[in-house]
Each structure stands twice: as C-alpha cells, then as structure tokens.
Amino acid sequence: MKTAKLGILRERTEELLRSSLSKALSSAANPKQLHNVHSLLITSGLERSAFFAGKLISKYAQFKDPISSLSVFHHFSPATNVYQWNSIIRALTHCGLFSKALELYSTMRDIQLKPDKYTFPSVINACAAAGDFQIGRVVHNHVLEIGFEFDSYIGNALVDMYARFGDLIKARNVFEEIPHKDIVSWNSLISGYSANAYWEEALEVYYQARMAGLNPDPFTISSLLPACGGLLAIKEGEMVHGLVEKLGIDADIIVSNGLLSMYFKFGRLLDARRVFNGMVVKDTVSWNTLICGYCQMELFKESIELFMEMVRRFRPDLLTITAVLRACGLLQDLEFGNFVHDYMIRSGFECDITASNIIIDMYAKCGDLLASRNVFDRMKCRDSVSWNTLINGYIQSGSYGEGVKLFKWMKMDLRPDFITYVALLSISTRSADMKLGKEIHCDLVKLAFDTDLVVCNALVDMYAKCGKIDDSLMVFENMKVRDIVTWNTVIAACVQAEDCILGLRMVTHMKNEEFMPDMATLLGILPICSAIAAKRQGKEVHAYTFKFGFLLAVPIGNALIEMYSKCGNLTYSVRVFEHMKTKDVVTWTALISAYGLHGEGKNALRTFEEMIAAGIIPDHVAFVAIIYACSHSGFVEEGLAYFDLMKKDYNIEPRLEHYACVVDLLSRSGQLSKAEEFIKSMPLKPDASIWGALLSACRASGDLKIAERISQNIFQPGSHDPGYYVLAANVYAALGRWDDVRMIRKSIKARGLKKDPGCSWIEIRKRVYAFRTEDKFFKQYEKVNNLLGILTNLMAKEGYAADLQYALHDVEEDEKRGLLYGHSERLAIVFGLLNTEPGTPLQIFKNLRVCGDCHTWTKYVSKIVKREILVRDANRFHKFQDGTCSCGDHW
DNA sequence: CTAGGGTTAG
C-alpha cells in the first residue's frame, strides 16, 4: 500500500518535473538559458528520453548551434527512434549543413530504419538547397516507394525542390498530382515560376489559384510582385497593391519591400517613395531596395545621399555598402568611392566574392586600375566575374595587352565564360582588328558560345566597326533571337557603312517585329534622318520622344536640334532648343551649327555669346561651329577673332578642322593669297581637307593660278575621300588640262575609290523622288525636260549664260551645256514645280555641293516662277528667293 | 513545406 502510494507520488513528481522542464526548454530565449536547461535535464537523467533529446536537438539548431545538436544526437548510438532522426536532419538542414543532413538520411536507410512522413520535407529541402539533383531524384523515388506522394507537405516540398533545380515541368507535374492542394502548394508553384523568371506563368497560376477559391497570403503576394515588376505589368501590379491593402497585409515587411521593388522596376519613383514613407517598420532590406532603386533609375547622387541618411539612423550591411560603391563607380567618383571602401573596412565588414567584384568594378570605372588590381590580388577565392571585371577594366582603359595577359592567366585558374570572350571581342572592335575578331569568332564557334544573344550582338558590332558590313549583316540574319540592342547595333552598322536607306529599312523591320525603340535606338535613327533629310521619320522620332518622355534627355534634344536644322526646319530647331530644360555645350553647339548651316551668322554669333553668358565653357567642337558659321556668312573678322580666342582664353590647341574652317573663311571671302599664306604658316601638316577648301574657292572665283600651284597637294597618301580627287579633276577641267583629268580618273580607279554620283531628292506628298545626274528614266521625263528648256530660254533673256567651266568632260560647248542641263538638282526642282501648287516653297536635297552654274540657274528660276526654293547641299542650306540666295554667294 | 535587397558583357 505504502510503496504503491510512494510510486504514485514519484510518478507525479516526475511528471511535474518533465512538464516544467519541457516548458523551460521551449521558452529558452538564448543559448545560455538553453545550456542551463540542458544541465538540469542531464542531472535529472531525462536527457536520454527520445522526447527531450529531439527537443534539445531542435532547440540548439534554433540558435544555429549544430555541433551541440549533433552531440546530443550522438549520445544515442545507435539511435533507434525516428523522432530523433527527424530532429537531427531538420536541425542540420536548418543550419545549412545540407550534405551532413543527407549523409544521415542515407545512414538511416543503411540501418534499415524506416522514415516516416515527417522525415521527408527536411530531406527534400536539403537536396534542394544543396542543389543535388541526383539525390533529389532518389529521395523522390523513395517517397513513391513508401507511398507518401499524396501527402501535401511532402508534395509541396518536392514542388519547391524541382523549382529550385529550375525544372518547372517536373515541379508542375508533382503539383498536379497533389490531391489536396493547400495554400502552400500554390505558393510553392507560383514562387517557383517567379524565382526562375517565368513571370507570365507565375501570374497565370496565381489567377488559377484565385479561381480555385484561394485567398492570397503574404507568401503568395511576395512571389507575385516580382512577376508584375518583371513583366512591367503596371495594371496588375496596382491591382495587387490594392489587394494588399484590402487584405491588410501591408504591415508584412516582406510584402511592403516587394511593392517597393516593383514600383522601382516600373520606374515609378513617386509610388516607390510613397510605399517607403508609409512603412511603419523598415528593415535593412527596405533601405537597400530604396538605394538600389535610385541606382536603377540612374539617380546615383541621390542614392548616395540616401545612404548618408541611412547611416545616421540605421545600420547598413554589406549590400548597402556595395550598392553605394556601385553608384560611385557609375558616377566615376573615386574620392567618395575611396571613402566608402575605407568606411567598409573600418566597420569590419567581411567581403564575399560578389562584394569584392563590385569593388573591383568601382575602381576600374573610376580609372584606378591599381586599386582594382589590389583588391583582386587580395581575394582568397575568385570567380569568373572577378576575372571578367578586371579584364574589362583594363580593356576600357585602353590597356588591351594587359587584358590579353590576364586572359591567359585566367585560363590557368578557371574556364573563361562567354562574357570573357565578349570582352576580348571588344578589343578587336575598338581597334578595328579584323584578324583578331575572326580568331575570337572561331573560338566562340568551337566553344558553342556563338548562339548567345550578347555574343552575336558583339559580333555584329565588331564586323561593322571593322568595315565588313556584309559579315555583320550575315551574323545578324542568322540570329534566331534578337533584342533591342541587336537592332540598335545593326542600325549603327548601317550608319557606319553609310547606307542610310538600309538603316531606315531596319527601323521599319524592327517595328514590324514589334520591338519598342529605346533611347539608344532614337539616338541611332536621328543622325540618319539628319544625313538624308528624312523629315517624316525625323518628326516621327520627335513624336515618339514626347510619348515616352525621352524628350527630357539632353542627348535626344541635341540630336533633334541637328535633325530639324538639317531637314531644313530651323524654326523647329530653335523651338526644341528653347523647350530644353537642361542644356549642355553640345546643345548650344547644335544650335550654333544650325544657324551656320542656314547662313544666319548673326544669330550664330548671338547664340555663342549667350552660351558664354550662361556659364557654358565652349569646347573645340563649339569653336568649329562658330568659325564655320562666320565663314558661311562672310564674317571674316569675327571668325578670325574666335580662332584667336580659342587659343588665348580657352587654351584649346587648334586641330586640323579649325584650320580648315579658317582657310574656308579666308578663301570664301576672296582672300585667296592670305589663305595660302595661312596654310603655309600652320604648325600641323595640312591634309586634303585644308587644300580642298582653298581649291574649291579658287575654282568658284576662277583664280586658276593659285589652283594650279596647289592642286598637286590634294594627292596625299592616306586620302581616301574621292571628293578631293574630283575637285582636283574639276580644276584641271576648268583649266582645260584634259590629260590631267584623265590621269586623276585613272588614279581614282586604281585606288578602288568610288565617286559618289550626284543625286538630288525632293519629298512631295509623303513620297521621296530621287534624281541622278543625267537621269532619263523617270515617268515625267518628257514634261520635265520641256519645262527645263522653257525656263532656261526665259532666263537667257534676263542675262543668264551657262558657266561652262562646270561641265566636267572634254566635249564640245553645246554638249557641255547639255551636261549642265542634266544636273540632278535641276531635275528635282523642275519636277517639284510640275507637281506642286503654284507658290508652294520647294525643298531640295543634294548629296554633293551645288555647282556654280546651278546656283546661278536656281536664282533665276526663283525669280521667274516666284517660288522660294530651299536647297541643302553637302555643305549648307541655300534659300533662293526672287533671284538671290541666302548664302550671299558665300558657299 | 512557401516570400523580399547585390556583381561582369553587347
């Protein structure tokens, strides 16, 4: 009786002890408390119970102490209770010791201990985290063997595992087989698609889930937001935001951070700020998302300011620091970059590979390759990004040899990837080294990198820059996938090859394939429009910049000013200029050039002075523009004054183009001997462009003595512009030295140079009509020829006589007259007269310079037909009105 | 069992 009572009492005490120790164990808030409870368990002999052992193992894992977990587990040898095994496997997985967890799982199988359904989720997790596809398959088979495949927990874990392997087909299959799909099942699939950038699929599954009656939770939302952001699905994103507020889960910090990140992807700074400011609790991720978001929007200065603000009230982590270091690199702010790097070291941050790579890049972008090299050399472990970043740094600073040397070392450490080869390719692109480019192309084919999009884009660019447009187009045609960069590159390739028509065709082609032009595209198209005076396409680009807000970008405005002025619309150039909020030296130069081109020298001078007053410092291009403008308006004194000012006040050493402008300035005003003296006094060796400027003036003014003296200077080795040869030939033709003309023609042929045939074009009712010299094969030839005769007869009565020195063949006088007759601008003008209402102004464009005879001829025409005729030749605009020209015969 | 912020290249 007594012993029985005593037994009950002992049991009761033991029970009390167990329950209080169990409570103490669960509520242990730090490792120290846990150790105390552990000691109590040992003294009371309860440590060896399967229940407490399992609890201890889990609890140690909670405090990331897997060693203690393992030590508790190893007190049982061998452990026979599945609960203990589950605990240790879960503990090890939780602590990131995935292989150890999987090792224990296979030991469990070796000793033929049967896992239960609680074993698998953590085992599957370990496979997923370790990236071990092989064991993952084995575990999956094991699950099927035991018949656990219908368990939701296990199914969900499998979905997650396959998604992490990137095998969304298998993930989906497992998902479909789960009989009772719960919210975690849906979340796992959505998250799987989202994490692998299958954004459409993520959204689609989300809609399916909603139709299945599922209410989203924070997990659902936080997988969905990146999908909305990635797709730039603004409507869906806003809807999800609304839903978040309706469900009241906007207090979830991960959800809010997700919203923040999404708005940055949309480029919606204000909405992002609103989310950030509205957050009651912010964590490091919130701040980092904000700072990185500003960087993504290229607001680097602001992102640095935010960093400073963050430092005052929050502790930054390594990601914050690397984000600002990136901003420093992109701003090329070496001073602040050094400061932040120093701050990082002082604060004791340990750099991982990624962080070190970012620092290498920062220093490289700031031009401090020594610092880059230092960080690189100190790294204990490097990946291909480390090598690529350093190699690219050297290449971008022009040290191609160092880049190649590093490439050779890299091969001893690890295998170069396609990015390494793209870097090497850029050496050949930059130095137009076709041989090297071809070699790399061969390597790329051998390594099967030649199907990669970025690689192909680089190849298109390389061949184009090496002058091999056909090879460039060949790579382009063979590409199966293209992106916006491909199109921008191929358009630039067309410009490089001086095939503007093909360039515009590419633009159409690109639109047909529904690619949205970006800023780079527009900056590629505008110069084409300028070159061939494609007014409609140019205006279209302008409209596009309005629609998408690119107008605010300074380079776009600059290109628009040039485009409008070269298309003959100076008023629009001025309007674009006036609307620009930010103007740089290029903007002002563009306007000065525009005025120069149209012969409005006074406005050019005024604009130049306004630029100085606005505090903009003119560069060497600005001086070319102003001297050019002076030259084309006959402002000789002013032009010479600016030439002196450039050296004296701005310390800019004159380049060949400045000397060419001055020669042009002097010779246009008839001071031919002074121009010749000026050339002789130049410190630089005059090239064909300098002699050409003088020569063309000699020809226009008929001073054949000087022309004869200097014409041989045109033939200089290295001059590949056929224009100068033609010019010299023209001079000899004017002198009647036909043998020399023939000699030059031969020389042009021998050098493989091709003379551009004269071509003029006019746009009437959205169609462009182009005419070549002597063109006889167009529809209205008879009518045009008739009117041409009538007009020429009419002006003969007013005093016009053909200036036969401009006929370039050794033929009889009558025939010469006929040749002048057929000059392409005359055909275009007469065609325009025939096909527009009386009084309509005409705009003609010509690829070469207007000849002196045509210039006179057009003056007469403008008077006879009472029309304003605007002609853009290779040099400038001529506005013919009532028998005079705006160039005042300075052209 | 499911969720958020970082690197090189055209």
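Below, chains carry the letters A, B, ... as their sequence lines are ordered, and counting in each starts from 1.
What separates CG of Leu406(A) from P of dT8(B) is a distance of 18 Å, to the nearest Å. Per the geometry, CG belonging to Asn156(A) stands 12 Å off P belonging to dA3(B), to the nearest Å. Taking atom CD1 on Ile419(A) and atom C1' on dT7(B), their separation rounds to 10 Å, with Å as the unit. As rounded to whole Å, 16 Å separates atom C1' of dT8(B) from atom OH of Tyr421(A). If you take CG of Asn196(A) and P of dA3(B), they are 12 Å apart, rounded to a whole angstrom. Here the P atom of nucleotide dT2(B) and the NE2 atom of His94(A) are 12 Å apart, to the nearest Å. Between Ile360(A) atom CD1 and dG6(B) atom P the separation is 20 Å, expressed in whole Å. Residue Ile440(A) contributes atom CD1, which lies 13 Å from atom P of dG10(B) at whole-angstrom precision.
Residue Ser191(A) places its side chain closer to dT2(B) than to any other of dA9(B), dT2(B), dT7(B). Closest to the Gln396(A) side chain, of the nucleotides dA3(B), dG10(B), dT8(B), is dG10(B). Distance from the side chain of Leu318(A) is smallest to dG6(B) among dG6(B), dT2(B), dT8(B).
Using a 4.0 Å cut-off, some side-chain N or O of Asn125(A) falls inside it from OP1 or OP2 of dC1(B). Taking only side-chain nitrogens and oxygens, Arg90(A) never comes nearer than 4.0 Å to OP1 or OP2 of dC1(B). In terms of phosphate contacts, Arg326(A) brings no side-chain nitrogen or oxygen within less than 4.0 Å of OP1 or OP2 of dG6(B). The shortest distance between the side-chain N/O atoms of Arg164(A) and the OP1/OP2 oxygens of dA3(B) is below 4.0 Å.
Residue Thr284(A) is in base contact, counting any heavy-atom pair closer than 4.0 Å across all strands shown. Nucleic acid contact class of Phe418(A) (heavy atoms, under 4.0 Å, all strands): base. Residue Leu453(A) is classed as a base contact, given a heavy-atom separation below 4.0 Å to a base. Contact annotation for Val422(A): backbone-only contact, meaning every heavy-atom pair under 4.0 Å involves sugar-phosphate atoms and none involves a base. Ala195(A) comes within contact range of no nucleotide atom at all, as no heavy-atom separation falls under 4.0 Å.
In the model, Asp116(A) has a side-chain atom that pairs as donor or acceptor with a side-chain atom of Thr119(A) under 3.5 Å. Between the side chains of Arg90(A) and Tyr118(A), not a single donor N or O lies within less than 3.5 Å of an accepting N or O. The closest side-chain donor-acceptor pair between Asp182(A) and Ser185(A) falls under 3.5 angstrom. Under 3.5 Å, the side chains of Asp417(A) and Ser384(A) contain a donor-acceptor pair of N or O atoms.
Non-hydrogen atoms lying under 4.0 Å from DNA chain B are contributed by Pro218(A), Phe219(A), Ser222(A), Ser223(A), all within residues 216-225 of chain A.
Trp287(A) and Phe314(A) have tilted rings, their planes meeting at an angle from 30° to 60° on a 0 to 90° scale. Using cut-offs of 30° and 60° on the angle between ring planes, the pair Trp487(A) and Phe515(A) is tilted.
No hydrogens or angles were tested; on distance alone, a donor-acceptor pair under 3.5 Å links the side chain of Asp352(A) to the base of dG6(B). The base of dG10(B) sits with one of its N or O atoms less than 3.5 Å from a complementary donor or acceptor on the side chain of Asp483(A).
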List, one per line, each side-chain donor-acceptor pair under 3.5 Å for residues 302-310 of chain A, sequence neighbours excluded.
| from | atom 1 | to | atom 2 | distance (Å) |
| --- | --- | --- | --- | --- |
| Ser303(A) | OG | Phe300(A) | O | 2.8 |
| Glu309(A) | OE2 | Arg313(A) | NH2 | 3.2 |

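Remark: Ser386(A) pairs with Asn357(A), Asp383(A) by the side-chain hydrogen bond (donor to acceptor under 3.5 Å, both in side chains) rule, at least two apart or across chains.
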